[in-house]
Amino acid sequence: MAVKTAKPVRKKAIETRGIRLTINGRVYEMEVGSEANQVGPSHTLAHTLRETLGLIGTKVSCDHGACGCCTVLMDEKAVLSCMTLTIECDGKKITTIEGLSDTRAEKLDPLQQAFIDYTAFQCGFCTPGIIMSAKALLNENPSPTEEEVKEGLSGNFCRCISHYHVVKAVMAASEKVR
Amino acid sequence: MANTYRFIGNPTRRKDATEIVTGSSRFLNDIKLPDMFYGKVLRSPHPHALIKKVDKRKAQKLPGVKAILAWEDVPDWRGGTPRYTRVLDQKVRYVGDAVALVAATSEEIASEALHLIDVEYELLPAVFEMEEALKPGAPQLYNEFPGNVVTPGVPFFGPKNLKEVVMGDVEKGFEEADVITEGTFGYENMPNPLPPEPPGAIALWEEPNKVTLWVSNQASYMDSIILSHIIGRKVKVRTIGGPCGGSFGSKYMSWQIQCYVALLSKATGKPVKLVFTKEEHLAVFTMRPVSRMKARVGMKKDGTVTAISGRWLIDTGYYSMTTQSQVAVGCGEVQIMVRCPNWDLKPVIVCTNRNASGIVRGFGGQELKCILIPLLSLAMEKVGVDPFEFLKKNFVKPGDGYFWRDGIWYVYRGVDYTNAMDKGAELFGWKDKWKGWLKPTSVDGTKKRGVSVGVHGNADIGEDASEAYVRLHPDGTAMLFSCITEHGTGQRSNVVKMAAEVLQLPMEGVSVAPSDSLINPYEFGPAGSRGTYAIGGAVIAAAEAAKKKLFKLIAPKLQAAPEDLETVDGVIFVKGNPEKRIPWKAMGVDRTITGYGRFEPDYTLSNCMMTFVEVEVDTETGKVTLVRVVNTTDVGQIIDPPGLEGQLNGCLGSGGIDSAIFEETILDYSTGHILNANMVDYKWRTFPELPVIDNVVLETPFPSHRFHAVGVGEVATSPGPVAVLMAVSNAIGVWLHDYPVTPDRVLKALGKIGDMRKGGMR
Ligand code: FES
Ligand code: FES
């Protein structure tokens, strides 16, 4: 495996072609190349997360930047991981849906809890992306209005029409963290 | 009436809630098996052609390529109704038809290999328009379908299966009418249900005759049955369903992708996964059928319909798997919507050289209503009848009847929906807003508002059989075996809730087995809103049967008769004497108790959904904004309030209301290419554009269900589209008869622009 984790403190000069990114608080040093286990120059962040690192919580629906299902945080801002090349993420801090909760302590992010309390999903395929977009929104604007929530989620597709429950859940979560 | 249930009717946490919000749900594409290969499909760029030669040599040399299969390399597996469509054929019949399958060690290599396969085609003339396809001398898609007319009927529905609505005497009916209207109406924009999760499958073939498939479908058990028909009964097919990222009916038709992986796994000896891209999803996977009808209706002054006759053309694309079923159910549903003694409604299913149509919520009935109600509206306008009063008066009432899909006449024995309709109208403010046909509700400068209403009812809430087992354990827990997959409706949790209510166990104490066809009994799957009544019926019966066995076993220990026992939280006690009690453990730690339940089809009940809409039309730009929606229904008993609300809000998406406003698949009628097969060009509703939705849900008990409930989820999409079309007509004072009501069409109706030809539209 070309995927190695290392403590951030022992930062050695990364030789030749490699990238280093922090995902959910863990540092990954990855080789760039065309071998199966390396990060290819054309690999999207979504691909690396899902296929190389097994972080399947990030979903891919359109794979061309239209639906928001693949949203993750990069340095606290929402990005579409299907439109981001992994090699461009060198030095970045990424948070995925897996990074929101502390599964061992069974502690969910208030947003995740609110999504459960308000049943803010039906099929749930769009949910990780919506939660990540909402997280980015609340990072920037901890007490949004309903209109701001809708605007913040305007890039997220939900075919089951869970929008109404989602807006309620995000509003409830924002009130909790206030 | 106060709800006395412990779980039923109360919001309870979905069983899969934590997985969904933490991203740990394993959807199909999240599954990785050891040594798995990846599949891709080479697709035809031509709408109609014979394959002369497939040269795989270059592709085979690409490192990582493990198998390439063309039509000559595969067995004669056929699907469709009747089964005439080969999994890979020498003839391709639409742009996107499968030409070859590739398995490789990675998706990238498989994709690269597609470019290295050389195919020689002999081009054939193609036909994209159903009336053209019916003309003598038109290009023929199948030898088996002369004149491109698909064989009518669904043998699965029985010997008398419904192919048309013919009864009474239409000539007499037209004589009795005060007005007669006629015309041709279409619902032809082919909205795509477009679930977020693209279709996919994984197969592992084990020689000589075993194949296991991981599927993403709302009805995973049926996949095993459909595939055994296609592959042949000598092969043992096992299907394993998991969370399904939306289906809306469409993924019921997954036999092709499942056959592709089965073939590739058979060829390589390794598991193979194939997931469509979104472009493939939009260009080669199920969309709504195209419907057009030349029809005539007779109506009396009081809104009584005296006769309906028409020729309903349905374009199914290059093959049909379920279009005949949709026609049968649509023919049944139209009788539920409008009482009329004299009918002569004749459907013709046509195949053309475009992608196949198939199952989408509304299943035939939505399509038929979208083209019949505009014609009825012309008659209503003439006699001055309000559409709400008309639909209310004509919707099926207890004692009325209809021919259902099996061709048998059923007498409706459900509730009278008049009350629900009145409640909805009241909340919507129908009386104030309705100003008459072609009259706006309000005008504010260039903005004009209009209202209308639609209705839909489906007697498939009791369709087909379901079976379930419930196994009780001495530790006071239970396990449900029902092959129900979760596709968004929450029904996998709701059946647990029903079992928990019967057994009086906490919901955490009832688990549900994986949706694996190997371990579960027969399950038709959640479709046609049958989850609550049919699947629920089997689950309830299984739980009751298990409880009965338990009581019989325990009764002697409590020196009581089994009928006198009750159980709560894993403790059995004597009714009226709760001191006499004993835990389930008394059954013996070396014992489990299993109850079996079965639901037999029952077509005497129909659900009902009425949808009121208010639209605002900007007469300068032509833009139509959906301002408000009120859905009204009666479900007998709500099982899960937020789940139900989600389903009703779903009226907008999945080829529902928005198919009247902006959703369409744009086919280039000169080349057969779909021009908007991506999620940028295919329009969908975003968060900032939400209308106000109110849902009115009454609970008038249906006595034949243990909890007096019926399902309604499927039909939420169906009444709305035609209501929008009529509401826009009312707002601007001009009839609009084409879906969707794009700004172009509105401006054209207003005489502000000339006849435009846009893209590939006719
Ligand atoms: S999957 Fe990335 S935006 Fe759709
Ligand atoms: S919950 Fe199914 S797409 Fe959003």
Side-chain angles (χ1 to χ4, degrees), chain A residues 36 40 42 47 50-51 54-67 69 96-98 100-101 103 106 108-109 111-129 131 147 149-167, chain B residues 11 13-14 16-27 29-32 64 105-108 193-198 243-248 277-279 486-490 640-643 645-647 649-654 656 678-680 682 684-690 693:
Chain A
S42 65
H47 178 95
R50 291 179 48 83
E51 304 300 326
L55 293 168
I56 50 98
T58 301
K59 304 299 173 203
V60 173
S61 172
C62 72
D63 213 11
H64 64 227
C67 74
C69 280
T96 70
I97 188 80
E98 288 92 345
L100 279 200
S101 52
T103 31
E106 287 189 32
L108 298 178
D109 185 273
L111 259 173
Q112 293 172 311
Q113 190 56 49
F115 270 62
I116 295 180
D117 297 341
Y118 286 82
T119 320
F121 50 81
Q122 293 177 64
C123 76
F125 196 84
C126 67
T127 312
I131 291 179
E147 291 314 305
V149 170
K150 290 179 184 170
E151 209 44 61
L153 299 177
S154 60
N156 288 86
F157 173 75
C158 174
R159 196 58 166 168
C160 301
I161 313 292
S162 296
H163 306 64
Y164 297 87
H165 291 83
V166 164
V167 172
Chain B
R13 185 188 167 109
R14 276 255 302 254
D16 50 357
T18 305
E19 285 84 354
I20 285 178
V21 303
T22 57
S24 53
S25 283
R26 295 256 158 185
F27 291 96
N29 202 13
D30 302 332
I31 301 171
K32 231 181 197 175
T105 48
S106 77
E107 255 190 306
E108 289 138 304
L194 197 59
E197 178 200 38
C244 171
S247 171
F248 316 116
T277 64
K278 211 38 137 184
E279 288 67 25
E486 184 52 71
H487 66 302
T489 59
D640 186 57
E645 205 187 326
Q647 286 291 293
N649 293 344
C651 65
L652 301 176
S654 60
N678 63 74
M679 285 181 66
V680 177
Y682 188 93
W684 43 274
R685 189 172 286 274
T686 63
F687 271 87
E689 302 167 301
L690 298 176
I693 300 186

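The figures that follow rest on heavy atoms only: side chains count, while hydrogens, waters and symmetry mates do not. Letters A, B, ... are given to chains in the order of the sequence lines, protein chains preceding strands, and every chain is numbered from 1.
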If you round to the nearest 0.5 Å, how far is [atom2] of [Y] from [atom1] of [X]?
| X | Y | atom1 | atom2 | value |
| --- | --- | --- | --- | --- |
| B/Asp30 | A/Thr58 | CG | OG1 | 10.0 Å |
| B/Arg13 | A/Ile116 | CZ | CD1 | 4.0 Å |
| A/Phe157 | B/Phe687 | CZ | CZ | 11.5 Å |
| A/Cys126 | B/Glu197 | SG | CD | 12.0 Å |
| B/Arg14 | A/Phe121 | CZ | CZ | 5.0 Å |
| B/Glu689 | A/His163 | CD | NE2 | 9.0 Å |

Using every non-hydrogen atom in the two residues, find where [X] and [Y] come nearest and quote the distance to one decimal.
| X | Y | answer |
| --- | --- | --- |
| B/Asn29 | A/Arg50 | O-NH2, 2.9 Å |
| B/Glu108 | A/Ser42 | OE2-OG, 4.5 Å |
| B/Pro198 | A/Ser61 | CG-O, 3.9 Å |
| A/Cys62 | B/Met679 | CB-SD, 3.7 Å |
| B/Phe27 | A/Lys59 | CD1-CE, 3.7 Å |
| B/Thr22 | A/Ser101 | CG2-OG, 3.9 Å |

Best-contacting candidate, [options], against chain A by heavy atom pairs under 4.5 angstrom:
| options | answer |
| --- | --- |
| B/Gly245, B/Ser247, B/Pro196, B/Gly653 | B/Pro196 |
| B/Cys651, B/Cys244, B/Pro642 | B/Pro642 |
| B/Leu690, B/Val680, B/Thr686 | B/Leu690 |
| B/His487, B/Glu486, B/Glu645 | B/Glu645 |
| B/Asp16, B/Thr277, B/Thr105, B/Leu194 | B/Leu194 |

Toward chain A, the part of [X] with a non-hydrogen atom under 4.5 Å:
| X | result |
| --- | --- |
| B/Ser25 | backbone |
| B/Thr18 | both |
| B/Pro193 | backbone |
| B/Asp640 | neither |
| B/Glu19 | neither |
| B/Gln647 | both |

Subject >> Portion of A/Val60 that has a non-hydrogen atom of chain B nearer than 4.5 angstrom >> reply: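 Backbone of A/Val60 only, per the 4.5 Å heavy-atom cut-off to chain B.
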**OP:** Name the region of A/Leu108, side chain, backbone, both or neither, that has any atom closer than 4.5 Å to a heavy atom of chain B.
**Re:**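 Looking at A/Leu108, just its side chain touches chain B.
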Closest-packed option against chain B by number of heavy-atom pairs under 4.5 Å, given [options]:
| options | result |
| --- | --- |
| A/Gln113, A/Glu147, A/Glu151 | A/Glu151 |
| A/Gly65, A/Ala66, A/Cys123 | A/Cys123 |
| A/Ser154, A/Gly152, A/Ser162 | A/Ser154 |
| A/Asp63, A/Leu55, A/Asn156, A/Val167 | A/Asn156 |
| A/Asp117, A/Val149, A/Leu153, A/Val166 | A/Leu153 |

